[in-house]
Amino acid sequence: MSETNFPKLEEAVLAFWRERQIFAKSDQKPAPKGEFVFYEGPPTANGKPAMHHVLARSFKDIFPRYKTMRGFHVTRKGGWDTHGLPVEIAVEKKLGVLGRKTLNKEQIAEFTKQCREWVFANIEDWNYFTERMGMWVDLEDAYITYHNNYIESVWNLLKRMWDRGMVVQDYKVVPLSPRISTTLSQNEIADGYREVDDPSVYVRFPLKLETTPLAVREKLQAQGVGLEALTNLAVLVWTTTPWTLPSNTMAAVNPDMDYVVVRSPSAGPLVLAAEAVARLEDLHKERLEVVAHLKGRDMEWWEYTPPFPEVCVELGVVKAQGEKRPDGRPVMHFVALAEFVSAEDGSGVAHEAPVYGAEDLELARQYGTPLLFGTNEYGLMVVTEERGKFFKEADKGLIRLMKERGVLYHAGQIRHRYPFHDRTGDPILYFAKPSWYIKTSLFRQALYENNEKINWFPEHIKHGRFGNWLKDNVDWAISRERYWGTPLPFWVSEDGSEKICVGSVRELSELVGRDLSDLDLHRPYVDEITFVKNGKTFRRVPEVLDVWFDSGAMPYAQWHLLLDEKGEPLPGTEENYRRWQRHFPADYICEAIDQTRGWFYSLHAISTLLYDQPCFKNVICLGHLVDEKGHKMSKSKGNVVEPLPMFDKYGADAVRWYLFTGSEPGEQKRFSERLVQEAQRGFLGTLWNVYSFFVLYANLDRPDLQNRPAVANRPEMDRWLVARLQQLVERVTARLDAYDARGAGKELEQFVEELSNWYVRRNRRRFWKNDDPTDRESAYATLWEALVTLSQLAAPFTPFVAEALWQNLVRRVRPEAPESVHLSDWPEAERALVDETLLVQMGAVVRVVGLARSARAMSGIKTRMPLPRVLITAPTEAELAGLRHFADEIAEELNVKEVQVLGLGEELLSYRVLPNLPLLGKKYGKLLPAIRAALAELDSRMVAQTLKAGQNLNLELSTPEGTRVSLSPEELLLEARSPEGYSAQEQDGYLAALEVRLDEALLLEGLSRDLIRLVQQARKEMGLNVSDRIHLSYTAEGKYAESLLRFGPRLQEETLALTLVQAEPEGFTTELSDEEGRVRFGLSKA
RNA sequence: GGGCGGUUAGCUCAGCUGGUUAGAGCACACGCCUGAUAAGCGUGAGGUCCCGGGUUCGAGUCCCGGAUCGCCCA
């Protein structure tokens, strides 16, 4: 069949599905096994669907299809992710409001209106694409994250977390564009990096003698460091941001790193990382004498005097410098331990100003230190003499000040990359802003333990990427200072003392005192909702919710779940509750690997926090799609492969098949048109060829496929195929049950190959030249069953071709059969039909035939020439029996007159005696080389006799110790070796040796096959039908004349010639002439 | 800088708990078949299993170190 027909066929199948509502009917298919829960991870419809969406959607489609056939019900509710930054940025560009900090109410209204429209900019493309690729998902009843009902459910989830104290407000370090004080996203600063020169300063933080930790004191004393040195000791701290030094609250060292006390001629005794000594000597041009060694962890809680000690009191954070907590620990200004500290740059001691760094802030949380805000959020200094200056401009003055105070050790410059905001040209200010958090870190253990219950494919994600992420879990920052998102449902009283989380529209209505059912829950409308409670006016906080919370809420929000504080459904939402229960948790989800910290995490976090259980049981985590050369596909590189042209050219099935079988789903996949073409030609092409073969003859013969012969009454070749088919059903089922689409696909591929190149090839004649109707019916029945079963097994993979096969093979024969292959029940393997003996036997036959073909190719004698004999053998008795049993089959396949099966110890065979390594290795270990040597010396025929008799083989080893070993038959392997004078091939104990001797009779027979071919060729050129009869006339000389005399009748039979006369050729003529003679035929249609 | 994964034939990929001569498909070469035929099939050539150490009787496979590509995070 021509390749270009697949796309057309698919269009026809799509029309059929549409017209007959097959997808809707699959929803009604009886489901004795209950619900198989699938969640659609919502894509965004503002971009165009691309090839990686085909990948994800193929894997999302295959298992629901499979499970439906297996007797489950699968709800395939679609979903769209609609909020968030990509949409906002696109609309900002359109409206030209980029980087504007504050929009007024009208502007927000316009902005969110535009966002709402933009969200579905490409929805048409998505709808078409999804249907075209054969993904069945309900897009008409999809959940949409911007819908009021969805938002309300999200609020409800937040409320339940709020009630349990999981939601808090705390600081978070965000990148700000100072002056306009606008929070930027990572994407916005990614392009803004520039090479700049910044200060690189080393500052002495004098350590307080009385707070020296015990471990330090002991170590230093042991190394002979005196009191005088201890008194003047300072830790040397490095920073590239002097303007943050007034905000310093800790000095951090790496607990596992080596530190030293050195004597500096210019600055006295200093503590710094051992690794940094040489660098500092070089930099400051002085010799630093090492006087003692310490570990970073020895120094924890050691207090120091910061360069600007007045700041903490000035800001009112503490009452006095050196203030202690109730437990006696210092409030701030002490040495802390942090694994992120390195000594690659600087001194190996990091300055910590938690307001200005995410890691620093995290450390401050661990140590419970307060924050010192040396600048305001517009980047202006609010402390020291530099007060009022822009932060970057304060560096010089501060350095001078430290010099005056005698704490500056060294001031230099460093060239490095630092981000700037393109629009304002200002350097980015990382700044701690108040932010809303979910306290996920309190549930670290539960998150990790629930992960243990999830099956990850590939498995390494579980404890690798995902597990590590959970182990290091930090609180989930859920607030964003944006416009287009789910507004946070938090209302705060004017004085900030009271906070209320609203869990439903009804609750808000009650608080406000009017019905808000028609309120658009988005900004700016929700911002206007205020209410008075306890005499205070409450206003909503300005932020919106992280979009990952939106998508992680889909198990609940897609059903508009609303619960009260007891976990009971709110009045009127009982049905929603039941639907949710039926669909939680998911049996299966699938997305690409980038979702480990996205959707996979948000699903897992929400269900763990609220239900202490995983949200999904099985997850396939797909690798990314790259181009043919392994590069990322991107528009700028122009290497993007569009899906629709691929579908139009090769068909969606071909694309799907490649994506399923081309490589492991978790691996990065190279994609190119060539590979799709290969997939189409390989599996689909072969399957289709077998199918067309069947159809071609079945249309002529009209076999009765309703009443097929019992399997037991069919020839062995058919029973073999039946057995193989049952085995296939078993294997494919097992693979798919294990979410192994690729393994299942490979099984199908292998089977189709055997079906085509062994079964059909060996049995072709039974379909068109068969006087035995029973045998013919049996062949038709067997091939039909194989094709029908294949169409079912392939249905989840390649739904279109499978459907085409089903319609034509099954629906025509049995109109009462299921209307679509996708509505049929998955085949059950019949164990009783799996004849293991037959499978083993046929396996040996195929193997030996392969070797014989190789041998014949080597000999240079065409298959057409019959050869007198082939000698064959196989390593096991069972297989030898098979070879004997199928000797005729083998003779015909190889075109030899005699097949001689050689058993163990036969005259003609010699052997190679090999140790059975897996057995002997364990037993004898180091003796193996000696055993090998001894085996090589033996007379192999004698060994064969011994083993045939079932006796042990005794060996005398030529090791110094002279050990004797006794080897059992299982511990040895005999491999047949090619006999002399034959054209032979051997492998793994299988052997085929052709006797290459052509006598006169064989030559004439071989020539007769040349003549048959000649006439057949002529028939075709004349344009005859395969069943047309002809008359033949001929003239011949030499061997051809002899051959015709002898094999004329066979020629007639093969070419459907009613007559064969030696006469001047008439009609269509054809001729042949070579060293064997010449011949000329005339053909005419009878 | 950290985490995870990859590196096997010209290309895309297999290779289970270590075991004898490392496989498949495509492409290539040669050939076969001619009642699946603008198809089909077979055979062959092609490998430093990324590099270097180690463990072992034996390493593509296990361990250590390194290179390189990709993803995620800083």
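Heavy-atom basis, side chains included; hydrogens, waters and symmetry copies ignored. We name chains A, B, ... by the order of the sequence lines, and we start the count at 1 in each one.
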Determine the interatomic distance between C1' on B:rG15 and the same-named atom on B:rA59; round to the nearest Å. 14 Å
Any-strand Watson-Crick or G-U partner of B:rC71, both distances under 3.5 Å: B:rG3
When you get a sec, tell me which of B:rU12, B:rC4, B:rA36 is the closest nucleotide to the side chain of A:Arg764? B:rA36
Check every strand shown and say whether A:Arg1013 touches a base, only sugar-phosphate, or nothing at a heavy-atom separation below 4.0 Å. base
Counting side-chain heavy atoms from CB outward, which of B:rC4, B:rU21, B:rU12 is closest to A:Glu975? B:rU21
From the options B:rA36, B:rG35, B:rU20, select the nucleotide whose nearest atom is closest to the side chain of A:Asn689. B:rA36
Per side-chain contact (heavy atoms from CB on, under 4.5 Å), A:Val870 is matched among A:Val849, A:Leu851, A:Val896 by A:Val896
Take atom C1' in B:rU8 and the same atom in B:rA14, then report the distance between them in whole Å. 10 Å
Candidate list A:Tyr697, A:Tyr780, A:Trp784, test ring-ring contact (aromatic ring centres under 6.0 Å, His included), partner A:Phe767, passing option: A:Tyr780
Expressed in whole Å, how much space separates the P atoms belonging to B:rC30 and B:rA36? 26 Å
Selected nucleotide, minimal atom distance to A:Glu678 side chain, candidates B:rA36, B:rG5, B:rG25: B:rG25
For the P atoms, the ones on B:rC11 and on B:rC28, what distance do you get once it is rounded to whole angstrom? 15 Å
Which nucleotide sits closest to the side chain of A:Arg674: B:rU34, B:rC11, B:rG44? B:rC11
Taking the same atom, P, in B:rG5 and in B:rC63, what whole-Å distance lies between them? 11 Å
Roughly how far apart, to the nearest Å, are B:rU43 and B:rG70 at atom C1'? 39 Å
Check the distance between B:rG42's P and A:Met865's CE and give it to me in whole angstrom. 23 Å
Whether the side chain of A:Arg465 and the base of B:rC71 hold a donor-acceptor pair under 3.5 Å is what I'd like checked. yes
From C-beta outward on A:Asn916, which listed nucleotide comes closest to its side chain: B:rU20, B:rG5, B:rA36? B:rU20
On a whole-Å scale, what distance lies between the P atoms belonging to B:rG46 and B:rC33? 27 Å
Can you say whether the rings of A:Phe466 and A:Trp456 are parallel (under 30°), tilted (30 to 60°) or perpendicular (over 60°)? tilted
In whole Å, measure the gap between the P atoms of B:rA67 and B:rG23 for me. 33 Å
When we call it a touch if two heavy atoms are under 4.0 Å apart, what does A:Glu749 touch: a base, just sugar-phosphate, or nothing? nothing
